[in-house]
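The basis for the numbers below is simple: all heavy atoms, side chains too, and nothing from hydrogens, waters or symmetry mates. For ligands, and for the atoms within them, numbers begin at 1 and follow the listed sequence. Everything numeric here is computed off the predicted structure, so don't read it as measured data.
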Amino acid sequence: MAKKTPKTDVTAVDHLIVGAGFAGLAAAIKLQEAGEHDFVVIEKDSDVGGTWHINTYPGAECDVPSQLYSYSFALNPDWSKVYSPQQEIWEYTKRVAEDAGVLDRFVFDTAVLDATWDDTAQRWRVTTSDGEYAARTVISGSGGLSEPRLPEIDGIESFQGEVFHSARWNHDVDLAGKRVAVIGTGASAIQLVPELQKTLQSSGGHMDVYQRTPNWIIPRNERRFTGVEKAAFKHVPGLQRAARAAVYAQLEGRAPAFTRFPALLKVVESQCKKNISKAISDPELRAKVTPTYRAGCKRILISNAWYPAIASDNVDLVTDPIAKVTGDAIVTADGVERPIDVLVVATGFYVTEPPIAQHITGREGRSLADVWGEAGMAAYKGTTIHGFPNLFQIVGPNTALGHSSMIFIIESQVRYIVDAVRTMRREGIGAVEPTAEAQAAWTSKVQERMKPTVWTTGGCASWYLDKFGNNTTLWPGQTFAFRRHLARFDAEQYDTRALAQHPNAEEALA
Ligand code: N01
């Protein structure tokens with residue numbers, strides 16, 4: 001078990017997991033099942049759940065059906081409806097963590113400040129806001145969508161009212177009767193705007209929604225599970241697994257349209273246009289919300305509430321570009337000034353330049369941010385990185401999805417990581433990193449597969465693309481193909497080094 005070495009005051013552990021969201025929690029549970037008990041999970045927030053703990057904005061719900069947006073090893077017969085609300089998903093992660101008996105090794109309210117590879121000790125030396133660790137492996141589950149991106153708008157810092165990001169909702173601010181502005185119309189905004197609209201309507205408030213680019217939004221086929229269904233999920237053997245498989249097959253069936261035949265996505269566009277016509281009668285507003293790029297190029301959103309909300313009397317959709325923010329208003333390029341009391345920025349996250357990369361230093365003394373800054377994010381099988389031994393990245397480059405559940409990807413990666421750990425133990429390996437050739441071959445194959453996808457050809461700018469114009473975010477294929485690639489730890493694609501002569505932590509760290 002983790003222990004502080006008296007000489008160095010460093011806690012030596014076999015595995016240090018960063019983040020207690022779906023990814024970090026799965027890693028902890030599966031390591032434990034594999035007999036690897038010596039780990040810590042460092043979490044900057046106060047509880048498990050990751051994005052589902054932090055994102056508490058009104059209306060936060062999952063847009064992937066919960067039957068699939070849950071662990072395969074912890075099915076939940078009690079989901080209240082097809083797409084679960086944030087609170088329910090967060091409670092699910094808490095329950096899974098408690099049931100697995102891993103929480104004694106979780107360290108909350110602690111941030112990872114620095115992780116540097118020590119080649120002699122064959123350990124990562126990790127500095128956190130509450131102490132030092134020396135870990136044989138670092139498994140990062142820090143999340144692709146965790147660092148809020150604030151918009152760079154002239155004068156925004158001079159705004160005198162309340163301002164907050166959708167992912168850091170300030171529940172102390174009473175919005176009743178206020179003049180509120182929301183910047184952004186992505187997945188978060190389309191969930192929170194309809195909720196705010198209701199609050200403001202009943203209290204005489206008003207909202208301006210600033211849209212830079214419209215999204216394709218299809219109807220949300222939502223419904224609650226009945227008591228009979230829940231009882232059946234609980235008691236009829238195999239039923240819930242079959243329901244999960246059906247959702248998986250349905251979503252997976254859509255992948256080829258995104259990855260190989262984007263023209264098929266015209267069907268989605270007509271569904272979306274019907275959604276618009278049903279809720280909006282004003283032709284000018286209809287035109288404003290209708291995208292001009294191929295559906296799927298940006299994430300396809302699902303909502304029944306968005307169009308009615310922006311068509312309502314107490315909401316204005318503003319499409320003129322924002323010129324500046326003043327102490328009490330937003331001014332658009334056409335010179336119109338709209339006074340506000342509260343500013344909500346729903347402007348997304350740092351995805352292709354993850355801030356944690358600045359704090360990870362590899363074998364050659366270079367930070368991951370430096371290495372990725374040269375040509376964009378890259379990792380072998382989205383998980384391991386040349387020059388960064390024993391570092392495993394969950395939800396790494398080209399692992400995110402536009403069509404299905406990230407939990408499937410997370411579990412695929414965790415299986416691979418656990419197999420790597422087993423292999424290292426069995427073979428007496430102290431350090432593994434993918435060869436430069438293996439990583440380059442993987443990356444070029446992924447980028448080749450990216451060429452015909454809608455994300456490349458669809459005619460939009462999206463957060464999937466990095467500053468070089470490459471999609472280093474999404475997996476350009478079927479999820480089962482990803483799982484097959486990661487089915488076993490392929491040590492032959494790695495530089496491996498035998499465990500150093502001083503496996504004793506105290507000696508190594510002295
Ligand atoms: O962020 P986004 P999000 N001035 O980056 C606009 C997941 N998620 O938090 O499109 C004006 O999608 C920007 O405009 P444009 C999901 O994977 C899941 O909404 O770049 N506007 C856009 O409209 C999702 O994809 C759920 O032109 C500015 C918006 O801000 C991801 O999180 C729920 C601007 C940002 O949209 C991110 O979603 C919620 C500026 N300077 C989120 N800068 C589920 O249900 C940015 N924008 C699972």
Side-chain angles (χ1 to χ4, degrees), residues 21-22 50-52 54-66 68-70 81-86 88-90 143-156 164-169 181-195 208-217 220 222 251 288-289 291-293 296-303 305-306 310 317-325 330-333 343-352 395 399-407 409 455 458-465 473-475:
F22 265 98
T51 198
W52 297 102
I54 301 166
N55 278 270
T56 60
Y57 60 79
E61 292 195 338
C62 194
D63 58 10
V64 175
S66 289
L68 191 62
Y69 197 91
S70 46
K81 44 186 200 156
V82 174
Y83 300 101
S84 299
Q86 168 264 331
E88 204 173 323
I89 301 173
W90 174 47
L145 299 166
S146 63
E147 206 59 44
R149 182 189 279 280
L150 301 174
E152 285 164 21
I153 298 173
D154 198 20
I156 196 163
F164 48 86
H165 189 276
S166 55
R168 299 285 182 277
W169 197 264
V182 176
I183 300 179
T185 53
S188 301
I190 69 141
Q191 294 185 334
L192 68 90
V193 161
E195 292 303 310
D208 296 321
V209 176
Y210 288 83
Q211 171 189 279
R212 192 164 65 179
T213 319
N215 279 296
W216 290 106
I217 303 173
R220 189 176 175 95
E222 181 66 287
L251 297 186
K288 279 184 181 178
V289 299
T292 52
Y293 54 85
C297 184
K298 284 165 163 312
R299 189 179 172 92
I300 295 170
L301 307 181
I302 56 169
S303 174
W306 167 255
I310 55 167
L317 184 76
V318 184
T319 53
D320 289 299
I322 298 171
K324 63 175 177 179
V325 177
I330 294 182
V331 182
T332 40
L343 173 56
V344 176
V345 291
T347 45
F349 302 88
Y350 289 99
V351 181
T352 53
V395 192
T399 60
L401 298 176
H403 72 282
S404 188
S405 167
M406 277 311 291
I407 314 301
I409 294 291
W455 310 303
C460 76
S462 75
W463 58 258
Y464 301 148
L465 309 181
T473 311
L474 295 183
W475 169 244

Decide if the gap between the ring center of Tyr83 and the ring center of Tyr69 is smaller than 6.0 angstrom.
no
Atom-level proximity to ligand 1, residues with heavy atom under 4.0 Å
Tyr57, Glu61, Cys62, Asp63, Leu145, Pro151, Ile183, Gly184, Thr185, Gly186, Ala187, Ser188, Gln191, Arg212, Thr213, Lys298, Arg299, Ala346, Thr347, Gly348, Phe349, Trp463
Run the disulfide bond (SG atoms under 2.5 Å apart) test against Cys460 and tell me which residues pass, sequence neighbours left out.
Cys297
side-chain contact (heavy atoms from CB on, under 4.5 Å) filter on Leu401, not counting sequence neighbours, yields His403, Ser404, Met406, Ile409, Trp475, Thr479
Salt bridge (charged side-chain N to carboxylate O under 4.0 Å, His left out) partners of Arg220, counting only residues at least two apart:
Glu61, Glu222
Ring centres under 6.0 Å, that's the criterion: do Tyr350 and Trp463 meet it?
no
Distance-minimising heavy-atom pair for Val395 and Gly144
CG1-N, 4.5 Å
